[in-house]
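The model shown is predicted, which means the values in this text are computed figures rather than measured ones. Every heavy atom of this structure was used, including side-chain atoms; hydrogens, water molecules and symmetry mates were not.
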Amino acid sequence: MSPYQLTRTLAPDAAGADLRADVLHGLTRSPKELPPKWFYDARGSELFEEITRLPEYYPTRAEREILKERAPEIAAVTGARTLVELGSGSSEKTRFLIDALLPGLDAYVPVDVSESALTGAAESLLAERPGLHVHALVADFTRGLALPGTPGPRLVAFLGGTIGNLLPVERLTFLRSVRAMLTPGDALLLGTDLVKDEATLVAAYDDTAGVTAAFNKNVLSVIDRELGADFDPDAFEHVAVWDREREWIEMRLRARRALTVKIPELDLVVPFAAGEEMRTEVSAKFRQAGVRADLAEAGLDLERWWTDSEGRFALSLATAR
């Protein structure tokens, strides 16, 4: 068996078609919005990696702390022979899990929309761990997923608090799709950022160095490049707001002046009033009771709950009913 396999389940122009659909829908509704997945071109990914190293941005460090400390326990509890990671990216934090699961780990199945990210991560992992088998999937896990025929039990990991980017209805749909992947003995490892004081939360999404602002505005550069638009990122300012009622952070872009944007690929002209805001990300924060309820509604039972030493972030382990 080859140590590296790659399966593509996305059509060659799937990303382009999705971008056109999302921009057309998001910029013709009121209030305007764009989904956060379009932050992550090559430049956006670089900026996000920089964000994870900022003093204000605690989630990556907090989750890494949990994984480093608890990976042996997670491995012992699950006995997983296949590790599936949704939205794997660089697979950097996942190395704690992989090393804890080896030598009993038969396969690592990273899932991402970026083939280059998958290939780069696989090459790095296999260079360090030559006994590992990697079966990468170029796929959009939010649309349901058919996993390769790897041995169980399986551990499906969804890390980084990314589930917070999904609206409540989307979140339930996603968790139900994960439940559908699981068979008896399988488990879900879920990363969730926790509710905390407003100042800490807002600072994590509005750092003093302006890196998050550049990351937020990068979505406009993506639309300019891919759809021939004439967004001027400097005409917008980055805004991060804590919504106390919904318990989520919203990232927005606010027009500094009245302006009009042309998007030739969509034959679209989009007016912005001075001060008008466009939502680019929701990042929900969680409490244990809410995570338990969300999992239960999807047919999953919360079995283990781990937090970092400061109680900022949680990893939960859930099994199918």
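- The minimum heavy-atom distance linking R129 with L102 is given by the pair CD-CD1, 4.2 Å.
- Nearest heavy-atom pair, A100 versus P72, reported as atom, atom and distance to 0.1 Å: CB-N, 3.9 Å.
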Margin query: Quick one, K285 with L194, criterion side-chain contact (heavy atoms from CB on, under 4.5 Å). Give me CA distance, side-chain angles, the key distance, then yes/no.
Written below: CA-CA 5 Å; K285 308 305 169 186; L194 302 179; over 6 Å; no
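- Taking a 6.0 Å sphere around CG of D267, one finds it holds 12 or fewer heavy atoms contributed by other residues, nucleotides or ligands.
- Heavy-atom neighbours of R29 CZ from other residues, nucleotides or ligands within 6.0 Å: above the threshold of 12.
- Nearest heavy-atom pair, T162 versus L159, reported as atom, atom and distance to 0.1 Å: OG1-O, 3.2 Å.
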Next item on the list: Please report the C-alpha distance between R304 and E73 in whole Å, then the side-chain angles of each, then the deciding distance to 0.1 Å, and finally whether the side-chain contact (heavy atoms from CB on, under 4.5 Å) criterion is met.
Entry: CA-CA 10 Å; R304 302 289 179 100; E73 183 179 349; 3.1 Å; yes
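- Pairing each heavy atom of L220 with each of P233, the nearest pair is CD1-CA, 4.0 Å.
- Transitive grouping of hydrophobic side chains (ILVMFWY, heavy atoms separated by less than 4.5 Å) keeps L315 and I163 in distinct clusters.
- Looking at R252 and E281, no side-chain N of the basic residue comes within less than 4.0 Å of a carboxylate O on the acidic one, giving no salt bridge.
- D243 has its side chain out of reach of V241: every pair of non-hydrogen atoms, C-beta onward, lies at least 4.5 Å apart.
- The pair R61-D308 fails the salt-bridge criterion, with no side-chain N (NZ, NE, NH1 or NH2) lying under 4.0 Å from an Asp/Glu carboxylate O.
- At a threshold of 4.5 Å between side-chain heavy atoms, the hydrophobic network of Ile, Leu, Val, Met, Phe, Trp and Tyr places I223 and L24 in one connected group.
- Across all their heavy atoms, V291 and F286 have their closest contact at CG2-CB, 3.7 Å.
- By the 6.0 Å and 45° rule, K217 does not stack over the aromatic ring of F236.
- Nearest heavy-atom pair across R171 and L166 is NH1-O, 3.5 Å.
- With respect to the salt-bridge test (charged N to carboxylate O, under 4.0 angstrom), the residues K68 and E65 do not qualify.
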Note to self: Determine whether D193 and Y58 satisfy the following criterion, side-chain contact (heavy atoms from CB on, under 4.5 Å), listing intermediate values before the conclusion.
What the structure shows: CA-CA 10 Å; D193 195 9; Y58 60 85; 2.7 Å; yes
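- Salt bridge annotation for K37-D22: present, with a cationic side-chain nitrogen under 4.0 angstrom from a carboxylate oxygen.
- Classification of E128 and R95 as a salt-bridged pair holds, one side-chain N sitting under 4.0 Å from a carboxylate O.
- Two different hydrophobic clusters hold V282 and V239 under the rule that ILVMFWY side chains link at heavy-atom gaps under 4.5 Å.
- One finds no salt bridge joining E276 and R254 here, because no Lys/Arg side-chain nitrogen approaches an Asp/Glu carboxylate oxygen to under 4.0 Å.
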Next item on the list: Test side-chain contact (heavy atoms from CB on, under 4.5 Å) on L295 and D301 and set out the steps.
Entry: CA-CA 6 Å; L295 291 168; D301 291 324; over 6 Å; no
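- At a cut-off of 3.5 Å, with distance as the only test, a side-chain donor of H133 or Q5 sits close to an acceptor on the other residue.
- Using a 4.0 Å cut-off between charged side-chain N and carboxylate O, E115 and R8 make a salt bridge.
- Of the possible polar contacts, none joining the D112 side chain to the L118 backbone as a donor-acceptor pair under 3.5 Å is found.
- Salt-bridge formation is detected for the pair R287/E247: a Lys NZ or Arg NE/NH1/NH2 atom is positioned less than 4.0 Å from an Asp or Glu carboxylate oxygen.
- The ring of Y205 has its center no closer than 6.0 angstrom to the ring center of F215.
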